[in-house]
Amino acid sequence: MKWITARRRHPLAGYVVVILALALFGVGYAALAPTSDQAQAQTLAAEAPSADEVDIAEGKAIFDQTCASCHNYDGSGTYDEDGNVTNGPDLREVGPAAIDFQVSTGRMPSMDPDTQMPRKPMAMSEEELDDLIAYYNDQIRTDGAGADIPYEVPGSAPERANFEDEESYEEALAEYEAEYDAYIEGADNTDMGMKLYLTNCAHCHSWSGGGGALTDGRWAPEIHDASPRQIYEAMVSGPGAMPMFSDGVIAPEEKQELISYVKTLQAEPNAGGIFDLERVGQVAEGFIGWTVGLSLIIACAIWITAKQRAHD
Amino acid sequence: MSKTTQAPKALRGVGNFIDDRFHLAKTGEKNLRKVFPNHWSFMLGEIALYSFIILLVTGVFLTLWFKPSMVEIVYDGSYERLQGVPMSEAFASTLHIDFDVRGGFLMRQIHHWAALIFVASLVVHMLRVFFTGAFRKPREINWLIGVAIFSLAMIEGLFGYSLPDDLPSGMGVRILQGVMLAIPLVGSYISMFLFGGEFPGEDIITRLYMLHVLLIPALLLGLIVAHFMILWHQKHTQYPGQGRTDKTVVGTPMFPAFAVKAGGFFFFTFAVIAGLSAFVQINPIHLFGPFTPTSITSGLQPDWYMGFMEGALRIFPNTLDFSIGPYPILVAVLVPGLGSMGLLFVALGAWPFIEQWITGDKRAHNVADRPRNAPVRTGLGVAGIICYGVLWLAGSNDILSETFSIDLYLTTYIFRVLVIAGPIAGFIVTKRICLGLQRRDRETLEHGYESGIIQQLPSGEFIEVHKESSDETTHVLENKPAITSTALEEDETDDRGVENPEARKPKGKLRRALAHWYTKDNVSFEGVAAHSGHHLHHSADGDEGAH
């Protein structure tokens, strides 16, 4: 400290402080500045599993154990005499896309059939899900009803735990990312994606995909964690209060534009500052304006008027 | 001063030259030595002034590049994500400001944050004036000017919010148009006139731009100048204290002390706004994308100062709508959309005159009231704050519902109850608190303050020693203004037993009733001499008025 004390009144000290501060801000900004790197998406490259990769018997065991108590052993659901769903609806005509969506987003198996399920980690492994879907397609599904799983759309990213060594994991991840990027970049009509999203989706899921409140205590979930395949499946199966957007209403290429729009927007850096207020918008801005902005200024007013000399 | 310091010769020459022609020295001397009372709550209006200056400067910067045109072009600027997207020139030029103009993004954010702070500081300034009774004679005109500034600021903000033609802009304008259309008979004509045809048309941004950068700022500037000139002429109010009377102002001279403080305060205001703008993203138009008439999204609100109107629209029940023949009367849009705003400004504007009519107080007041000493006014103010606040919260009910996992419909019912019950409860509670504080004031005046020293008397009794308050405190407490009304002083009958004609009319009866309500609960300080209470004089019980 003595060294500083001796020199802090040096004529050049002010300049040194300014230069140091500028350097600190410059370097600090370079370190903190948002980069345009796309956020890593969390999803898995997979083709439709071939018949010898899946175990239908295993699928049946899973179904009987985790699904049948509500949806019945034949998938016909549980209903009271008036035809109202008691625990779980009929699954025979919903299609595998709905099963894949509900299970891969962790919403099924559900803890409480009466309330809307939030997104959770999946309750089973990818292989188990494949087995379950194979069993569903083989035994429960009626005449190929409902939407098929869009295997060409990238799903969830590979997880390290499913691989024996780092090398194979890295390889799978690179392959997945290439597939993901190809899908997202394969759509280049931002205008179409934006119009489709803002016309059909944003009034529930909000412009940012952050979700929103619905009527009767339900809510539209945020879709930031959803993989492109899950978004696609939600559109073709219409889970919960969501309407169904079949491939006839919004064509697969249009869905690709829409999904690409959402994912690109989500990965977009916040050019306006490091605090994006969760992209909540005006409510958060107003809150910060009052609690931080105006409060700080008023604190300063209190500070500069606090000291009062007797004669001024 | 015993020694006069001479200004440098060069300056003296210029100074004398000017003074010989304009005689500025005398006026300047007088004005520079004007004193300004020193209290933090007197600085709130200055925040508004400074943020207005920041708005003017950044606004001028933005106009250099902004193109108020709704001509559709295909974007090919440097923001890659939206390249190839058709949009209006207004939106494209805003993107240009954000991404191609050096410092443009920061300037736009400073402009927006300064707007939020500007209106917020107007509100807190107005509340200070209201609660201290600083709107009373002779300052009613300045209060009205302030209300006009507040209303214009809200409209100015709404129009500015609409200019970039991004998603929230368009939705805001759409709500504006909806409220317009609900006006009976002329609604559709007004809308067609303003938009130059059907919504959205091709004129609205050009027209709002003119209003936003020319007409309303000019009006605001004129009103702000008038506000200041009247303040300058009438001098600032001050809180009660020794030597502070309706005729004498105690404070800091304008120059140099107050000017230095005010100048520093400007820079602090600017620093906070610039700091927010540098680090906190506001209204990211590049993420929202351009508005198209088919676009609609949840989770978007107007800027905070329009929130109470949005909330009123959201919670007002639509069961009161009716039709006259084929013409629907949309009560659920008219009452909250126009009524909430009208009620706010009419109530604010009329209050000084209503209060004067109730109390019949025509004296000039330069010493501010302590809020507790006007319990009814303070209670009404708090009721107003609660009503406004509930409506404001209701404007964000979808965000609250999602953030705190409350049923959306339930929030509507809660707000409907609160908007009526809240102000009533707030009034009662506030008034009781004010009266309680008055009683404590009387206690302090009579007994001094509790010193925290416990003493044991020879009899074994423990007492807490009270000490005499400072002269300043005693002065303030002794001079509590009594709340009276001339309406109650007039006798109901004259000395011949004839009824007072004024008191017989309905207006006179109403005035008497209001006067009674306004003055009935009041803690009287009559007969209370300072420091005469027994706590100070245990040795001489009953020896009142030793001081």
Side-chain angles (χ1 to χ4, degrees), chain A residues 36 188-191 194-195 197-199 201-208 210-220 222 264-265 268 270-277 279-290 292-294 296-306 308-309 312, chain B residues 38-40 42-44 47 81-86 98-99 105 109 113 116-117 120-121 124 167-168 252-253 257 261 264-265 268-269 272-273 276-284 286-289 292 294-304 307 396 398-399 401-402 407-410:
Chain A
S36 56
D188 54 0
N189 191 342
T190 313
D191 186 41
M194 183 166 69
K195 285 210 172 104
Y197 183 78
L198 289 178
T199 309
C201 316
H203 48 78
C204 296
H205 292 286
S206 121
W207 65 275
S208 64
L214 294 179
T215 54
D216 290 330
R218 289 171 300 191
W219 75 94
E222 67 160 326
T264 312
L265 175 64
E268 196 64 16
N270 294 299
I274 48 177
F275 298 105
D276 66 348
L277 307 181
R279 297 189 181 172
V280 164
Q282 292 78 4
V283 174
E285 291 160 8
F287 184 74
I288 296 296
W290 275 86
V292 177
L294 195 63
L296 274 180
I297 299 174
I298 291 178
C300 169
I302 294 172
W303 173 48
I304 63 173
T305 49
Q308 206 164 352
R309 286 176 308 184
D312 73 8
Chain B
N38 217 333
H39 192 268
W40 66 268
F42 296 159
M43 310 289 280
L44 300 174
I47 307 174
R81 195 174 67 93
L82 292 178
Q83 277 169 3
V85 174
D98 273 1
F99 293 103
F105 209 129
Q109 300 215 117
W113 277 118
L116 297 193
I117 302 279
S121 58
V124 290
L167 183 58
T252 315
K261 276 187 179 179
F265 194 44
F268 194 89
T269 308
V272 170
I273 290 174
L276 277 174
S277 309
F279 295 110
V280 189
Q281 177 166 276
I282 186 166
N283 205 39
H286 63 294
L287 299 178
F288 289 132
T292 62
T294 57
S295 310
I296 185 74
T297 172
S298 65
L300 273 194
Q301 261 71 13
D303 273 341
W304 76 260
S396 59
D398 56 332
I399 304 282
S401 164
E402 201 206 353
D407 186 342
L408 185 69
Y409 284 0
L410 184 65

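Being a predicted model, the structure only gives us computed values, none of them experimental. Naming convention: chains lettered A, B, ... in sequence-line order (proteins, then strands); numbering from 1 in each chain.
For A:Phe287, the CZ atom is loosely surrounded, since the number of other residues' heavy atoms within 6.0 Å does not exceed 12.
Between chain A and the options B:Val124, B:Asp398, B:Ile282, B:Leu116, the largest number of non-hydrogen pairs under 4.5 Å is found for B:Ile282. Contacts with chain A were tallied for B:Ile47, B:Leu410, B:Leu82; B:Ile47 has the most, counting heavy-atom pairs under 4.5 Å. By number of non-hydrogen pairs under 4.5 angstrom with chain B, the leading residue of A:Ser208, A:Cys204, A:Gly281, A:Ala284 is A:Cys204. When each of B:Ile273, B:Ile117, B:Leu167 is checked for heavy-atom pairs under 4.5 Å with chain A, B:Ile117 comes out on top. When each of B:Thr292, B:Thr294, B:Asp98, B:Leu276 is scored by its heavy-atom pairs under 4.5 Å with chain A, the top score falls to B:Thr294. Looking only at heavy-atom pairs under 4.5 Å with chain A, the residue among B:His286, B:Arg81, B:Gln109 that has the most is B:Arg81.
For chain B, the nearby part of A:Arg279 is the side chain; its heavy atoms alone come within less than 4.5 Å. With a 4.5 Å cut-off on non-hydrogen atoms, B:Trp40 touches chain A through its backbone and its side chain both. Both the backbone and the side chain of B:Phe288 come within less than 4.5 Å of a heavy atom of chain A. For chain B, the nearby parts of A:Leu265 are the backbone and the side chain; heavy atoms of each come within less than 4.5 Å. Interface remark: A:Trp207 contributes backbone and side-chain atoms alike to the contact with chain B (heavy atom separation under 4.5 Å). Contact annotation for B:Val280: both backbone and side-chain heavy atoms come within less than 4.5 Å of a heavy atom of chain A. In this structure, the portion of B:Phe105 lying under 4.5 Å from any heavy atom of chain A is its side chain and not its backbone. The contact between B:Gln301 and chain A is made by backbone and side chain atoms together, counting heavy-atom distances below 4.5 Å. Heavy atoms closer than 4.5 Å to chain A are found nowhere in B:Phe42, neither backbone nor side chain. Looking at A:Asp216, both its backbone and its side chain come within 4.5 Å of chain B, counting heavy atoms on both sides. The parts of B:Thr269 that come within reach of chain A are both its backbone and its side chain, each placing non-hydrogen atoms under 4.5 angstrom from that chain. Contacts of B:Leu44 with chain A are made by side-chain atoms alone, with heavy-atom separations under 4.5 Å and no backbone atom involved. Heavy atoms closer than 4.5 Å to chain A are found in both the backbone and the side chain of B:Leu300. Contact annotation for A:Cys300: both backbone and side-chain heavy atoms come within less than 4.5 Å of a heavy atom of chain B. Heavy-atom distances place both the backbone and the side chain of B:Ala120 under 4.5 Å from chain A. In this structure, chain A has heavy atoms under 4.5 Å from both the backbone and the side chain of B:Ile296. Of the atoms belonging to B:Pro168, it is side-chain heavy atoms, and not backbone ones, that fall under 4.5 Å from chain A.
Annotation for A:Glu285 and B:Pro284: closest pair OE2-CD, 4.4 Å, computed over non-hydrogen atoms. The minimum heavy-atom distance between B:Met43 and A:Thr305, with the atom names listed, is CG-CG2, 3.9 Å. Nearest heavy atoms, B:Trp304 versus A:Gly286: CB-CA, 4.0 Å.
Side-chain contact between B:Ser298 and A:Ser206 is present, with at least one heavy-atom pair separated by less than 4.5 Å. Taking the side chain as every heavy atom from C-beta outward, B:Leu408 and A:Leu214 never approach each other to under 4.5 Å. The side-chain heavy atoms of B:Phe265 and A:Ile297, taken from C-beta on, include a pair separated by under 4.5 Å. In this structure, the side chains of A:Asn270 and B:Leu287 come closer than 4.5 Å at one or more pairs of heavy atoms. For the pair A:His203/B:Thr297, no side-chain contact is recorded, criterion being any heavy-atom separation below 4.5 Å from C-beta on.
Between atom OG of residue B:Ser396 and atom CD of residue A:Gln282 there is a gap of 11.0 Å, rounded to the nearest 0.5 Å. Of the inter-residue distances, the one linking B:Ser121 atom OG with A:Trp290 atom CH2 reads 8.5 Å to the nearest 0.5 angstrom. To the nearest 0.5 angstrom, A:Ile302 atom CD1 is 8.5 Å from B:His39 atom NE2.
Side-chain contact annotation: B:Gln281 with A:Asp276, donor-acceptor N/O pair under 3.5 Å absent.
Side chain of A:Asp191 to main chain of B:Val85: no donor-acceptor pair is present (N/O by atom type, distance under 3.5 Å, no hydrogens or angles).
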Margin query: Walk me through whether B:Phe268 and A:Ile304 qualify under side chain to side chain contact (heavy atoms under 4.5 Å, CB included).
Written below: CA-CA 11 Å; B:Phe268 194 89; A:Ile304 63 173; over 6 Å; no
